[in-house]
2 protein chains.
Amino acid sequence: MIRKLETHATLDRRDREAIRALPHHVRTFDASAYLVREGDSLQHCSVLVSGYAFRQKVTGDGLRQIVSLHIPGEPLDLQHLFLDLADHNVQTLTRAEVAIIPRAALQSLALSHPAIGHALFVNMLVEGSIFREWALNVGRRDARTRLAHFLCEFAARLEAQGLDGGRGYELPMSQEQIGDALGLTAVHVNRTMKLLESEGLIVRTKRRIDIPSWTALREVADFSSRYLHLRTKAG
Amino acid sequence: MIRKLETHATLDRRDREAIRALPHHVRTFDASAYLVREGDSLQHCSVLVSGYAFRQKVTGDGLRQIVSLHIPGEPLDLQHLFLDLADHNVQTLTRAEVAIIPRAALQSLALSHPAIGHALFVNMLVEGSIFREWALNVGRRDARTRLAHFLCEFAARLEAQGLDGGRGYELPMSQEQIGDALGLTAVHVNRTMKLLESEGLIVRTKRRIDIPSWTALREVADFSSRYLHLRTKAG
DNA sequence: CGGTATTTTGAGCAGTGTCAAAGACGGTGG
DNA sequence: CCACCGTCTTTGACACTGCTCAAAATACCG
């Protein structure tokens, strides 16, 4: 499972052994639990074994911006692997199992095994790319496009990770949280959601999102998966 | 000069030698020249020797979002060091000198010299942190705060880089570009700029920005330099 | 000195936010 | 199995920030 993420980006040989040998323990967190708080000095990194999580920062007057989501199988704290003080919060979205790894162990592994270092570099850079796309999304697209884009990204990433995804998926977030991710109000998310639904671009069943026509949604969303740097096809 | 950036984050020994020995050549670009275009497959990375540059992405219907700025001395394309296709554009802001380094050379250096690898990791992660802060800025702060925050970031980074900064600096951007960085219109940037000026938070002389009271601006801007992960004091 | 890019200003509009309240849902204890 | 609660989702009315369009005033450059 831990290994899976590494291969997400680059092929290793029996570096896998080294990774599997990493000291770690798995812990379960409830929904909404904080894994990292801004200002913490970090001693370990983690990998999401199951469940969903997200990163967020809050403004001086309490407004929250979700900066990225994490789906099962993704490493959670590479972003802080080489930084000493957390600059944002990491929180679970649902109940989740997290593999916790001492930072030092992963650091030295990264620096001593070129292939692993490479994989980590790639992983970090892809995350960086996702941050950039979010900035574009939040800064320059209107609510409808923005939401559609968000839904596309989630679908694409789930699929790339080998989970369901493509035609539909369960979106484990409240509209309030979606709003925080998009820089919108929960109320407006609701309206926009219904708009997309009324246009036939998505079908909602509770929190499940189904996508009748990927190309149609993708079109409206101004979505291109390039920034995800997937090795698979899709688009 | 190239070395300077590496030390920005972490101390090296005579890894510096290795860095200085990197094959490279310096090239001068005009203002607004493209260094990288989205979709390019990259063969080299670069370091800004002098001048300013920025990264941007554009929306399907031509709206542009500037995702980050680069000041003299910063490495420019670490973001793509281990990714094959560019996911955004890199452009000069002013006439600039750029040191161009073959990607492969830097890659192997990063993977074979732990200290250098470490420095690069840190550099990438700090950039990532800046992206996150931009997302927060653009997504959750109103125009006034957003602009003030932007001005603070620029000041803090200039200062950290040992350039002027602190009390005032030359902002090498048109209001149109500032707008693209903040997700605002040039017109609104203008109004907001004048607002900050009328409040005595900044003093403008052409494109020069002077900051009468750092604490006052910092306050309004909801700015904390934590996310820049500077090793210096400031705040 | 003319021509072009940038900064200012004004007036009116629109996309989102606010505030409030009414459903829906899902879980809990009896 | 049901009533009760707290959390989400919906809806409506209305306000406001930031956008558009346009044109005037400046600044910059050869």
Side-chain angles (χ1 to χ4, degrees), chain A residues 30-33 52 59 61-66 91-95 137-151 170-199 202-209 220, chain B residues 30-32 59 61-66 91-95 137-151 170-199 202-209 220:
Chain A
D30 279 336
S32 296
Y52 294 82
T59 241
D61 37 73
L63 295 176
R64 184 172 63 166
Q65 175 69 41
I66 292 180
Q91 225 178 333
T92 55
L93 210 42
T94 62
R95 164 175 288 270
N137 203 29
V138 170
R140 288 305 190 190
R141 296 202 250 249
D142 64 26
R144 174 162 165 272
T145 311
R146 208 185 291 182
L147 176 55
H149 189 281
F150 173 79
L151 296 176
E170 196 71 27
L171 215 199
M173 308 172 72
S174 70
Q175 294 181 358
E176 175 94 40
Q177 293 167 324
I178 299 175
D180 284 340
L182 300 178
L184 295 172
T185 311
V187 173
H188 204 61
V189 166
N190 184 284
R191 294 188 175 117
T192 309
M193 209 88 164
K194 305 200 71 174
L195 172 60
L196 290 180
E197 185 169 36
S198 75
E199 295 179 301
I202 59 174
V203 174
R204 295 183 305 152
T205 318
K206 301 201 179 182
R207 287 184 176 178
R208 167 161 257 276
I209 302 288
V220 167
Chain B
D30 280 335
S32 293
T59 240
D61 37 73
L63 296 175
R64 184 172 65 166
Q65 175 70 42
I66 292 181
Q91 227 179 330
T92 55
L93 211 41
T94 61
R95 165 176 286 268
N137 203 30
V138 170
R140 288 304 190 192
R141 296 202 250 249
D142 63 26
R144 173 163 166 271
T145 311
R146 205 184 293 180
L147 176 55
H149 189 282
F150 174 78
L151 296 176
E170 195 71 27
L171 216 198
M173 307 172 73
S174 70
Q175 295 181 358
E176 175 92 41
Q177 292 168 325
I178 298 175
D180 284 340
L182 300 177
L184 295 172
T185 310
V187 174
H188 204 61
V189 167
N190 183 284
R191 294 192 173 113
T192 309
M193 208 90 167
K194 306 201 68 175
L195 172 61
L196 290 181
E197 185 169 35
S198 75
E199 295 179 301
I202 59 173
V203 175
R204 295 184 303 152
T205 318
K206 300 202 180 181
R207 287 185 175 177
R208 166 161 256 276
I209 302 288
V220 167

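Each chain gets a letter, A, B and so on, in the order the sequences are listed, and its residues count up from 1. Quick caveat: nothing in here was measured; it's all calculated off a predicted structure.
Whole-Å rounding puts the B:Met173 CE to C:dT6 P distance at 12 Å. Residue B:Ile178 contributes atom CD1, which lies 12 Å from atom P of C:dT6 at whole-angstrom precision. One atom, CG of A:Asp142, and another, C1' of C:dG17, lie 16 Å apart when rounded to the nearest Å. The interatomic distance linking B:Asp180 (CG) with D:dC19 (P) rounds to 11 Å, in whole Å. For the pair A:Leu93 CG and D:dT7 P, the computed distance is 17 Å after rounding to whole Å. We find that CD1 of B:Ile209 is positioned 13 Å from C1' of C:dT7, with the value rounded to whole Å. Put simply, CD on B:Glu176 is 11 Å from P on D:dT20, counting in whole angstrom units. The CG atom of B:Asp61 sits 15 Å away from the P atom of D:dC19 (whole-angstrom rounding).
Between A:Arg140 and A:Ala186, it is A:Ala186 whose nearest contact on DNA chain D lies nearer the 5' terminus.
The side-chain heavy atoms of B:Gln65 and B:Thr59, taken from C-beta on, include no pair separated by under 4.5 Å. Using a 4.5 Å cut-off on side-chain heavy atoms (C-beta onward), A:Asn190 and A:Lys194 make contact. For the pair B:Ile209/B:Met193, a side-chain contact is recorded, criterion being any heavy-atom separation below 4.5 Å from C-beta on.
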task = Go through the steps to decide whether B:Leu171 and B:Ile178 satisfy the test side-chain contact (heavy atoms from CB on, under 4.5 Å), and finish with yes or no.
result = CA-CA 10 Å; B:Leu171 216 198; B:Ile178 298 175; 3.8 Å; yes

Check against side-chain contact (heavy atoms from CB on, under 4.5 Å), B:Asp30 and B:Thr92 = CA-CA 7 Å; B:Asp30 280 335; B:Thr92 55; 5.9 Å; no

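Between the CZ atom of A:Arg141 and the CG atom of B:Leu63 there is a distance of 9.5 Å, given to the nearest 0.5 Å.
Nucleic acid contact for A:Gly179: none, since no nucleic acid atom lies under 4.0 Å from a heavy atom of the residue. As judged by a 4.0 angstrom heavy-atom cut-off over every strand, B:Arg204 is placed among residues touching the sugar-phosphate backbone only.
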N/O-N/O pairs, protein side and nucleotides 21-24 of chain C side, under 3.5 Å:
none

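Of all the heavy atoms in A:Leu182 and A:Phe150, the pair that sits closest is CD2-CB, 3.6 Å. Taking all atoms of both residues into account, the shortest heavy-atom contact from A:Leu147 to A:Val189 is CD2-O, 4.3 Å. Among all heavy-atom pairs drawn from B:Gln91 and B:Arg64, the shortest one is OE1-NH1, 3.8 Å. The shortest heavy-atom contact between A:Leu184 and A:Ala143 is CD1-CB, 3.9 Å.
Considering only the side chain of A:Lys206, C:dG26 comes nearest among D:dC21, C:dG26, C:dT18. Out of D:dT9, C:dT6, C:dG17, the shortest distance to the side chain of A:Arg207 is found at D:dT9. Taking every side-chain heavy atom of B:Val187 into account, D:dA22 is the closest of D:dA22, C:dT16, D:dT9. Of all nucleotides listed (C:dT6, C:dT8, D:dG12), C:dT8 comes nearest to the side chain of B:Gln175.
Using a 4.0 Å cut-off on heavy atoms, the residues of residues 188-196 of chain A that approach DNA chain C are A:His188, A:Arg191, listed by number.
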